[in-house]
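Before any comments, here is the structure.
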Amino acid sequence: MRAATGRSGWRAGTGSEAGSPRLALAPEAGAFAARPRRHSPRRRLPLLLAAAVMLGAVVVALAVEGGRRGIALVPEADVLARRLGFGIEVVTLAGHRFAADEEILGALDLANVRSLVGFDVGAARRRIERIPWVASADITRVLPDRLDIRIVERKPFAVWQRGGKEMLIDATGRTLQEIGAGSVDHLPRVIGEGAAPEAATLVATVARHDEIARRFRAAERVGERRWTLRLSDGIVMHLPADGPALALERLAAAGRMERLLAQSNRIIDMRAAGRIAVRSAPAAESGVARVSGIMPSATGRKE
């Protein structure tokens, strides 16, 4: 997994005003302040009048919805805003570790809107939050020329094995990134189509039972309807499609859980309502490749 810097900055390049900005990552302390242009007294008055008008527009823009939206500007007005000192010259990023700087900066769309007046904070935030690792983004406009962005990232929750690929997912089932096969072995592992969005419910169900949690290796989603648990010592548990949590609770309440899990290489079939079928597991079914995920126990420990 790529580890980006936790705090970094962007500063405007030195290209022509009509062109796209040149992105240059740099420490925040290295951000520069653009020197204002000097004008003769004869030209100063029109510029001051234009600055007053533009400043009023800035105040209105920042007042709309608490400063969360910009105002629509024609390209000429955006250029004028930049000339008057309201161009976006510095962007600081903080809070991110796995989301790439380049993705976040690209989502700002600074090639098209480069002044604080026309910058739409809400639209930019939505674009940033479409980046897989980003849970939320807070964007603050700092007059006259800076954007401060703080990122809250999503947390890896499980490994989703689908076909020949393995991906990190969060607790909502959102795919964060593809990983190398077998490269992450400290998270629960779920397998098959439809497994990702149901992973959190399955993990919570298993974690209530220490005997299963200690042995957990993977859970396979079958037909996008039910789960088959793969435990250590070659134990396979087929859970029912309806009420898997209730089925496990009844098994535990009857005092049969520990006894059923005491012997290795067996299949415990709970798919039929009110019945438990136990049989020896063939060698092909008892082995599970690359599924050494760790499941939190019911008491919060990690085995």
Can you name the residues that form a side-chain contact (heavy atoms from CB on, under 4.5 Å) with [X], not counting sequence neighbours?
X	result
Ser136	Glu129, Val152
Ser232	Arg215, Arg217
Ala252	His209, Met257
Ala171	Phe157

Report summary line: Which of Leu108, Asp109, Leu110 passes side-chain contact (heavy atoms from CB on, under 4.5 Å) with Asn112? It is Asp109
Query raised in the report: Below 4.0 angstrom, N of the basic side chain to O of the carboxylate: do Arg146 and Asp148 qualify?
Result: yes
If the condition is side-chain hydrogen bond (donor to acceptor under 3.5 Å, both in side chains), which residues does [X] pass it with, not counting sequence neighbours?
X	answer
Glu224	none
Gln263	Arg266
Asp242	none

Query - Heavy-atom donor-acceptor pair, Glu166 side chain to Gly182 backbone, under 3.5 Å - result: yes
Query raised in the report: Is the shortest heavy-atom distance from the side chain of Met237 to the side chain of Thr228 under 4.5 Å?
Result: no
Query raised in the report: Would a 4.5 Å heavy-atom cut-off, applied to side chains only, mark Val121 and Arg141 as touching?
Result: yes
Report summary line: In short, Pro144 meets Leu116 closest at the heavy-atom pair O-CD1, 3.2 Å
**Report entry** Selection residues 151-160 - residue pairs positive for side-chain hydrogen bond (donor to acceptor under 3.5 Å, both in side chains), sequence neighbours left out
**Finding:** Arg154-Asp170
**Report entry** Distance-only donor-acceptor check, side chains Trp133 and Gln177, under 3.5 Å
**Finding:** yes
Query raised in the report: Is there any salt bridge (charged side-chain N to carboxylate O under 4.0 Å, His left out) pair reaching into residues 245-254, and which pairs are they, with sequence neighbours excluded?
Result: Arg208-Glu249
Query raised in the report: When you look at Arg230 and Glu220, which way does the salt bridge (charged side-chain N to carboxylate O under 4.0 Å, His left out) test go after all the steps?
Result: CA-CA 8 Å; Arg230 308 283 181 171; Glu220 181 179 357; 2.9 Å; yes
Query raised in the report: Passes side-chain contact (heavy atoms from CB on, under 4.5 Å), Ile268 versus Ile235? Steps please.
Result: CA-CA 8 Å; Ile268 303 170; Ile235 298 174; 4.2 Å; yes
Requested in this report: Please identify each residue that fulfils salt bridge (charged side-chain N to carboxylate O under 4.0 Å, His left out) with Asp269, with sequence neighbours left out.
Outcome: Arg271, Arg279
Listing, residues 191-203 side-chain donor-acceptor contacts under 3.5 Å, not counting sequence neighbours, or none:
from, atom 1, to, atom 2, distance (Å)
Glu193, OE2, Arg162, NE, 2.8
Glu193, OE2, Arg162, NH2, 3.3

